[in-house]
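Notes to accompany the following structure.
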Protein chains: 4
Amino acid sequence: MPPDDKPMRADALRNRNRILQAAEQVFSERGPAASTEEVANRAGVAIGTVFRHFPTKADLLREIMKGLLARLVSDVEMLRRDRPPGTALFAFFTTLVAQAARQKTVLDLLAEAGTELSIPDAVGMLERSVDGLLTSAQDAGTVRRDVHLPEVMALLGAVCQGAVTGGWDERLQARTLAVVFAGLGPAT
Amino acid sequence: MPPDDKPMRADALRNRNRILQAAEQVFSERGPAASTEEVANRAGVAIGTVFRHFPTKADLLREIMKGLLARLVSDVEMLRRDRPPGTALFAFFTTLVAQAARQKTVLDLLAEAGTELSIPDAVGMLERSVDGLLTSAQDAGTVRRDVHLPEVMALLGAVCQGAVTGGWDERLQARTLAVVFAGLGPAT
Amino acid sequence: MPPDDKPMRADALRNRNRILQAAEQVFSERGPAASTEEVANRAGVAIGTVFRHFPTKADLLREIMKGLLARLVSDVEMLRRDRPPGTALFAFFTTLVAQAARQKTVLDLLAEAGTELSIPDAVGMLERSVDGLLTSAQDAGTVRRDVHLPEVMALLGAVCQGAVTGGWDERLQARTLAVVFAGLGPAT
Amino acid sequence: MPPDDKPMRADALRNRNRILQAAEQVFSERGPAASTEEVANRAGVAIGTVFRHFPTKADLLREIMKGLLARLVSDVEMLRRDRPPGTALFAFFTTLVAQAARQKTVLDLLAEAGTELSIPDAVGMLERSVDGLLTSAQDAGTVRRDVHLPEVMALLGAVCQGAVTGGWDERLQARTLAVVFAGLGPAT
DNA sequence: CATGAATGAGGCTTCATTCAT
DNA sequence: CATGAATGAAGCCTCATTCAT
């Protein structure tokens, strides 16, 4: 989401993206405490270039989060198109946990930065998307009607965090999600 | 668990405990990035004393974790004594989430330090305790037989992380746990 | 004083002047530590353009000084034309102090850059001009004969510096100059 | 003026003083833009030690100023004791200009830092001291009664600045001060 | 043993200057 | 010529750790 009042030069844009990718990697691996210098190295640019594009480390973190959240929103949209409404929400849980390593950044940042970083818009969009999934699932009868968005978001976050920090393997992911899905499903 | 080859003088032991308490507070509030100096201040000792007791910041963190995990183990034992076997596991989930703020340290540390810190013993003990809870619940018929320890631990961790980093209020804690409990319960 | 071996295109010259004006403003307000980038912004040109015209920040500073000194010289000439010879020197003092804010740049630069910047020609010209003022005043009998140019220049500089860094208001300017003028005047 | 709630260890105090001296030198020579690192080198301590004693560069500058101003105040007091009241003020002017190189720091800081640094107490004390000198001189009849403190302070500052940034030699100092003294003296 | 001063590597950020577009 | 992105040295400051008192 580069703010392009003026189109932005080709090379600058390429660097911007390289930096964003490098940052995503680095912060995923080392947590948000990783140094900006390392991001620069991994991106193959000088440290000054990172700061030209993102005047502050927090700006860089914020931008990564925006990107990740945007990607999640589009994942949701894709699922709504390609899956039967009754399973799309479950599929989203599964995807999310499977990608957890990538999502680590999102969660860590939400945790670490907390008050400082603020990207309510992006978060709000994701919530609206997931709400769509939930409603569809309830209409299809695969999720109980007394389940509401907040706990779904909470479970999404929890399970994702858990997967990341706990290092769940595939089998464990499946078994854990099975419990959650059973909990969401119709009462009988 | 002071390494007591030589008994350790009374005042030294008192300092050790003060430091541990202070550290728990400080790291809970500020995250593991908080400075050792602040721990020393809060404990009312000089920085050198902290490093005499815990040669490395990581050692200090590790020791806190051990303490927290030990406390969890004793929580579990207490629940086994005081609660009907069918609900003890659920009670433990509830307790854990409610105390999440305190547990923040545990999780953060697990996340942050990851590979560096390693405290398999303490974790193992907690796992054995929880396994007891699980088996009892299954015997009592309040938890499905095809639920196994790994996913229970996973859910415990996930839900705890979620509660902390998501800042769930009491209502949200209850609703989220309701889903999980439904998922653990008998299939109808 | 653009170095015009080749005449220089009209737009280039306009940029040169814009940069010079901007630089004068910026350095007056923020001191010589202000960034070249800000000069470029204020001038409405790109940073590269500033460095094309002035290969070094020091070059830019030097050029500003030359300009300011040249302006002072022409102020002196004007006073010699428009004022009675007995008061022109005093008038120059007064003008200078009143404009001190503008002159801040000159002085700061002299102070800050010291050895690095060197602009003997321009300073020499100003000295010759002021010498004219001094001689006239002495001929008119308003300044003592045993006062020489060096101390006049020194007082000029001192009073100007003082006015700038001390933030003298009008009343204080007047009272201070009154002392200096009394000191310069005939003995009885 | 170390704030000695607790007496302060001998070595710490020695370092503190070494740093202060080094800083005075460095900032005199290179201006307030000189690097803290250089101060550390000159003082023969590590950079961290400088920051332990003065948490901020501004704190260091402020402390130097306090010290210099305090020394000036004591200079004044000494003059009042050792000199006839009619000449003490003039002697102070002379001393000040002669030491200008040392005082450079004071003035530069006053100029450069302006709003940021604030040490009103120390400045106020100096003003009160100089006021004493002025009154004495007026009582002794060596300074006109219609001269007031503000312009004396202004001239002091101006002449000092001038001496520093202008690099006046002894002869020039004398001639310039002669003019000022004549201006302060009785109207004939 | 406790104290707290000293160390110095490392992090974030700024800015003069260079160079591809 | 102008543009503005890239560079990288350098500055300020923090903090884990060591060591003299």
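The chains referred to below are lettered A, B, ... by the order of the sequence lines, with proteins before strands, and numbering in each begins at 1.
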A:D11 with A:R14: basic N within carboxylate O range, under 4.0 Å: no
Whole-Å distance separating the CG atom of B:D59 from the P atom of F:dA16: 13 Å
Protein-nucleotide distance (A:R52, atom CZ; F:dT3, atom C1'), rounded to Å: 11 Å
Residue from A:E29, A:E37, A:E24 passing salt bridge (charged side-chain N to carboxylate O under 4.0 Å, His left out) with A:R42: A:E29
Euclidean distance, atom CG of residue A:L60 to atom P of E:dC12 [Å, nearest integer]: 10 Å
Nucleotide forming a Watson-Crick or wobble pair with E:dC12, both distances under 3.5 Å: F:dG11
Residue whose nearest DNA chain F nucleotide is more 5′ - C:N15 or D:P55: C:N15
Residue closer to the 5' end of DNA chain F, C:E37 versus D:G48 (nearest nucleotide): C:E37
Sugar-phosphate, base or nothing in reach of D:A43, heavy atoms under 4.0 Å: nothing
Sugar-phosphate, base or nothing in reach of B:S35, heavy atoms under 4.0 Å: sugar-phosphate
Nucleotide of F:dT21, F:dT7, F:dT3 approaching C:A46 most closely (side-chain heavy atoms): F:dT3
Test item: C:I47 and C:N41 side chains (from C-beta on) under 4.5 Å apart, heavy atoms: no
Between P of E:dA16 and CD of C:E38, the distance in whole Å: 11 Å
C:N41 CG - F:dG4 C1' separation (whole Å): 11 Å
Side chain of C:T56 - closest among E:dT17, F:dA16, F:dA2: E:dT17
Protein-nucleotide distance (B:R30, atom CZ; F:dA16, atom P), rounded to Å: 13 Å
Donor-acceptor pair present, A:R9 side chain and F:dG4 base, under 3.5 Å: yes
Spacing of A:M8 atom CE relative to F:dA6 atom C1', expressed in whole Å: 13 Å
Nucleotide nearest B:I47 (side chain, heavy atoms from C-beta), chosen from E:dA5, E:dG8, E:dC1: E:dA5
Touch class at under 4.0 angstrom, heavy-atom based, for C:A34 against every strand present: sugar-phosphate
Atom pair CG/OG1 of A:L61 and A:T56 - distance to nearest 0.5 Å: 10.0 Å
Touch class at under 4.0 angstrom, heavy-atom based, for C:T36 against every strand present: sugar-phosphate
Among F:dT3, F:dT18, E:dA6, the one nearest B:F51 by side-chain distance: F:dT18
N/O (side chain, A:T49) to phosphate O (OP1/OP2, F:dA5) under 4.0 Å: no
Atom-pair distance (CG on A:L61; P on E:dC12), nearest Å: 10 Å
Any A:H53 side-chain N or O less than 4.0 Å from OP1/OP2 of F:dA6: yes
Watson-Crick or G-U wobble mate for F:dA5, both contacts under 3.5 Å: E:dT18
B:L68 vs B:R71, side-chain contact (heavy atoms from CB on, under 4.5 Å): CA-CA, chis, key distance, verdict: CA-CA 5 Å; B:L68 291 175; B:R71 238 180 293 165; 3.6 Å; yes
Pair C:E63-C:R16, salt bridge (Lys or Arg N to Asp or Glu O under 4.0 Å): steps then yes or no: CA-CA 11 Å; C:E63 207 57 31; C:R16 209 192 120 93; 3.5 Å; yes
